[in-house]
Protein chains: 2
Amino acid sequence: MRLVIARCSVDYAGRLTAHLPLATRLLIAKADGSVLVHSDGGSYKPLNWMSPPAKLTVSVPEEDQREAGVVETWTVQHAKTDDRLVVSIHEVLHDSEHELGVDPGLVKDGVEAHLQKLLAEHIATLGEGYTLVRREYMTAIGPVDILARDDAGRAVAVEIKRRGEIDGVEQLTRYLELMNRDPLLAPVTGVFAAQEIKPQARTLATDRGIRCVVLDYDALRGIDDVDSRLF
Amino acid sequence: MRLVIARCSVDYAGRLTAHLPLATRLLIAKADGSVLVHSDGGSYKPLNWMSPPAKLTVSVPEEDQREAGVVETWTVQHAKTDDRLVVSIHEVLHDSEHELGVDPGLVKDGVEAHLQKLLAEHIATLGEGYTLVRREYMTAIGPVDILARDDAGRAVAVEIKRRGEIDGVEQLTRYLELMNRDPLLAPVTGVFAAQEIKPQARTLATDRGIRCVVLDYDALRGIDDVDSRLF
DNA sequence: CTTTATATCTCGGGA
DNA sequence: TCCCGAGGTATAAAG
């Protein structure tokens with residue numbers, strides 16, 4: 001990995017064209033040929049970049065460029081597409097090379113999968129008498145997060161999201177449409193369950209007869225405690 | 001901006017919990033308190049990070065941590081949420097500080113907005129006799145990209161995407177449903193226009209009576225040339 | 001391999 | 001401010 005602090009301008013041409021005027025920035029050249037251009041702010045997204053696999057070529061600029069103050073040119077060409085990033089360096093303020101090795105990678109925990117597991121274990125959260133049929137119930141167009149039955153034994157398809165938005169309601173609608181054509185399942189009702197449900201999603205769901213349930217992640221995790229407190 | 005190459009382990013707790021085992025990585029501490037942890041591969045996304053606004057506190061570790069080999073601890077606390085990133089540094093291989101200043105920012109060109117503008121200017125691409133009513137036609141659930149009228153004066157709602165996928169068809173369907181309740185507009189037909197339309201999106205659109213149009217970006221840009229070549 | 005759903009998404013615009 | 005849609009989305013999982 002090479003780290004360079006430089007006054008530079010940057011041009012990208014590919015799925016769009018973009019230009020960064022002359023300023024001081026951090027350039028990161030990674031082992032796989034990818035290059036990141038970072039400023040001293042914003043979030044983790046670089047101002048401009050080239051994704052791997054790519055080839056970085058460092059060259060001495062043409063004479064007209066040198067007269068304009070460019071001392072070094074980085075041309076980063078993507079290996080598969082015709083995306084190209086050109087960094088015109090006017091002044092190098094820092095330059096260092098480092099050996100990092102392969103990273104063991106990130107260990108994550110606790111997202112939608114966890115919510116699904118918790119709700120499956122405590123399916124009565126949806127209402128008394130609810131029973132779990134199965135998680136990841138397969139249909140022709142994909143798996144429904146949870147299939148359950150209500151107290152009257154009717155099938156209930158549950159779609160779970162961390163944040164409930166309109167896409168999720170559309171997704172559940174497609175599942176319901178399909179499942180209701182199956183005489184062994186129909187009539188199937190829908191439940192849209194999320195930690196947070198956006199107003200537009202709620203409106204659309206209600207309009208389509210889909211029930212919305214807001215999940216309390218902490219309560220689900222501590223449901224045994226809650227149960228014991230009930231007595 | 002501070003750049004550190006270090007052998008370190010990293011823990012994040014916030015919207016999820018995540019852990020990075022001990023390895024050599026690049027740490028970037030930005031002026032706004034944000035911190036990025038990068039490896040020598042992957043793409044522009046860091047292995048782990050803290051978004052601004054945040055506060056970075058560098059401290060000498062507790063004795064049990066020091067015995068485990070930790071020489072320095074970075075605690076990055078988000079200013080508004082309770083997200084927290086902790087970097088346990090075992091060995092510092094490089095450490096430098098740089099003054100970058102404020103970045104003038106990126107100049108972009110050519111995305112969906114550009115396609116919309118081009119199609120609005122050359123609405124006859126959709127068919128002879130088509131006329132533009134307006135771009136960004138407001139409805140209760142959001143703006144329709146283009147409202148036009150066909151050669152018979154019937155309203156046509158156009159949804160434009162760079163890549164036409166299923167959610168774009170859903171979006172247009174919602175608009176059409178709503179607009180067709182308006183007696184001043186009805187009947188409204190739909191056109192799904194994109195540079196590239198995925199087979200599933202095309203199937204769904206066709207099934208719902210929505211016409212698909214593949215846009216040629218270069219042809220739209222050079223439409224005057226094309227016109228002149230016709231004679 | 002392509003397609004689909006998710007993301008600590010980020011980022012910008014509009015009400 | 002919140003909400004919604006777009007992204008050079010990236011990325012992992014599934015068919």
Side-chain angles (χ1 to χ4, degrees), chain A residues 11-18 34 37 41-52 54 76 78 80-85 105-106 108-113 115-116 136 138-145 159-163 165-168 170-172 174 196-203, chain B residues 10-18 34-37 42-52 54 76 78 80-85 105-106 108-116 136 138 140-145 159-163 165-168 170-171 174 194 198-201:
Chain A
D11 287 277
Y12 165 79
R15 273 164 283 192
L16 60 77
T17 57
S34 61
V37 181
S43 63
Y44 71 66
K45 196 178 180 184
L47 291 167
N48 222 324
W49 72 95
M50 179 58 67
S51 320
V76 195
H78 195 273
K80 297 187 173 180
T81 68
D82 55 358
D83 289 27
R84 175 181 290 213
L85 187 75
L106 190 68
K108 283 188 185 183
D109 176 41
V111 258
E112 187 190 313
L115 268 180
Q116 189 191 111
E136 303 284 351
M138 273 311 293
T139 73
I141 55 171
V144 177
D145 289 338
E159 176 66 34
I160 300 170
K161 296 284 178 205
R162 196 168 57 78
R163 278 164 40 192
E165 304 187 11
I166 227 159
D167 292 14
E170 300 286 14
Q171 197 179 335
L172 180 53
R174 288 196 296 272
E196 177 196 354
I197 296 179
K198 293 290 168 70
Q200 293 210 351
R202 182 181 291 275
T203 304
Chain B
V10 183
D11 287 278
Y12 165 78
R15 274 162 284 189
L16 59 75
T17 56
S34 60
V35 170
L36 316 185
V37 181
S43 64
Y44 70 67
K45 195 178 180 186
L47 293 166
N48 220 325
W49 73 92
M50 178 58 67
S51 319
V76 195
H78 195 272
K80 295 189 172 178
T81 69
D82 55 359
D83 290 27
R84 175 181 292 212
L85 187 75
L106 191 67
K108 281 190 186 180
D109 177 40
V111 258
E112 188 191 314
H114 202 184
L115 269 180
Q116 190 191 110
E136 302 284 351
M138 273 311 292
I141 55 171
V144 177
D145 288 340
E159 177 66 34
I160 300 170
K161 295 284 177 206
R162 195 169 58 77
R163 278 163 38 193
E165 301 184 13
I166 222 161
D167 56 346
E170 300 285 16
Q171 196 179 336
R174 289 196 297 275
K198 292 289 168 71
Q200 293 210 349

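To find a chain, count down the sequence lines: A is the first, B the second, and so on, and within it residues start at 1.
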- Roughly how far apart, to the nearest Å, are C:dT4 and C:dT8 at atom P? 22 Å
- Query: Quick one: do B:Glu170 and A:Arg174 make a salt bridge, cutoff under 4.0 Å?
  - Reply: yes
- How far does NZ of B:Lys198 sit from NZ of B:Lys161, to the nearest 0.5 angstrom? 13.5 Å
- Query: Between atom CG in B:Asp167 and atom P in D:dC4, what is the gap in whole Å?
  - Reply: 15 Å
- Query: Among C:dT6, D:dG5, D:dG8, which nucleotide sits nearest the side chain of A:Gln171?
  - Reply: C:dT6
- Item | Selection from D:dT11, C:dT6, D:dG8 that lies nearest to any side-chain heavy atom of A:Glu159 | C:dT6
- B:Met138 has an atom CE; how far is it from atom P of D:dG5, in whole Å? 11 Å
- Item | Nearest-nucleotide 5' precedence on DNA chain C, B:Leu85 against A:Lys80 | A:Lys80
- Note on the structure: A:Glu170 CD to C:dA5 P, in whole Å, measures 12 Å
- Message: Counting only heavy atoms from other residues, nucleotides and ligands, does the tally under 6.0 Å from CZ of B:Arg84 exceed 12?
- Response: no
- Assign B:Met50 to base, sugar-phosphate, or nothing according to its heavy-atom contacts below 4.0 angstrom with the strands shown. nothing
- Query: What is the nucleic acid contact for B:Lys161, judged by heavy atoms within less than 4.0 Å: base, sugar-phosphate only, or nothing?
  - Reply: sugar-phosphate
- Message: I need the CG-P distance between A:Leu172 and C:dT4, as an integer number of Å.
- Response: 18 Å
- Query: When you match B:Asp145 and B:Tyr44 each to their closest nucleotide on DNA chain D, which lands nearer the 5' end?
  - Reply: B:Asp145
- Query: Base, sugar-phosphate, or nothing: which does B:Ser51 touch, judged by heavy atoms less than 4.0 Å apart?
  - Reply: sugar-phosphate
- Message: How long is the straight-line distance from CD of B:Gln116 back to CD1 of B:Ile160, given to the nearest 0.5 Å?
- Response: 5.0 Å
- Note on the structure: Nearest-nucleotide check on DNA chain C, B:Glu165 vs B:Asn48; residue mapping nearer the 5' end is B:Glu165
- Item | Candidate list B:Pro52, B:Pro46, B:Ser34, test side chain to side chain contact (heavy atoms under 4.5 Å, CB included), partner A:Ser43, passing option | B:Pro52
- Listed nucleotide nearest any side-chain atom of B:Ser43, set D:dT11, C:dC11, C:dT6: D:dT11
- Gap in Å between the two P atoms, one belonging to C:dC11 and one to D:dT11, rounded: 16 Å
- Item | Whole-Å gap separating P (D:dT11) and CG (B:Leu47) | 10 Å
- Pick one: which of A:Asn48, A:Thr17, A:Asp83 meets side-chain hydrogen bond (donor to acceptor under 3.5 Å, both in side chains) with A:Tyr12? A:Asp83
- Message: From CG of B:Asp11 over to P of C:dT8, roughly how many Å is that when rounded to an integer?
- Response: 16 Å
- Nucleotide C:dA7, atom C1' - distance to OH of B:Tyr12 in whole Å: 11 Å
- For C:dC9, does OP1 or OP2 lie under 4.0 Å from any side-chain N or O of B:Trp49? no
- Message: Nearest whole Å is fine: how far is D:dG8 C1' from A:His78 NE2?
- Response: 10 Å
- Output the single nucleotide from C:dT10, C:dA5, D:dG8 whose closest atom is nearest the side chain of A:Leu16. D:dG8
- Message: Judged by each residue's nearest nucleotide on DNA chain D, which is more toward the 5′ side, B:Pro143 or A:Gly14?
- Response: B:Pro143
- Query: When you compare C:dA7 with D:dG7, how far apart are their C1' atoms, in angstrom units rounded to a whole number?
  - Reply: 13 Å
- Query: If you check the A:Lys45 side chain, which of C:dC11, C:dA5, D:dA10 turns out closest?
  - Reply: C:dC11
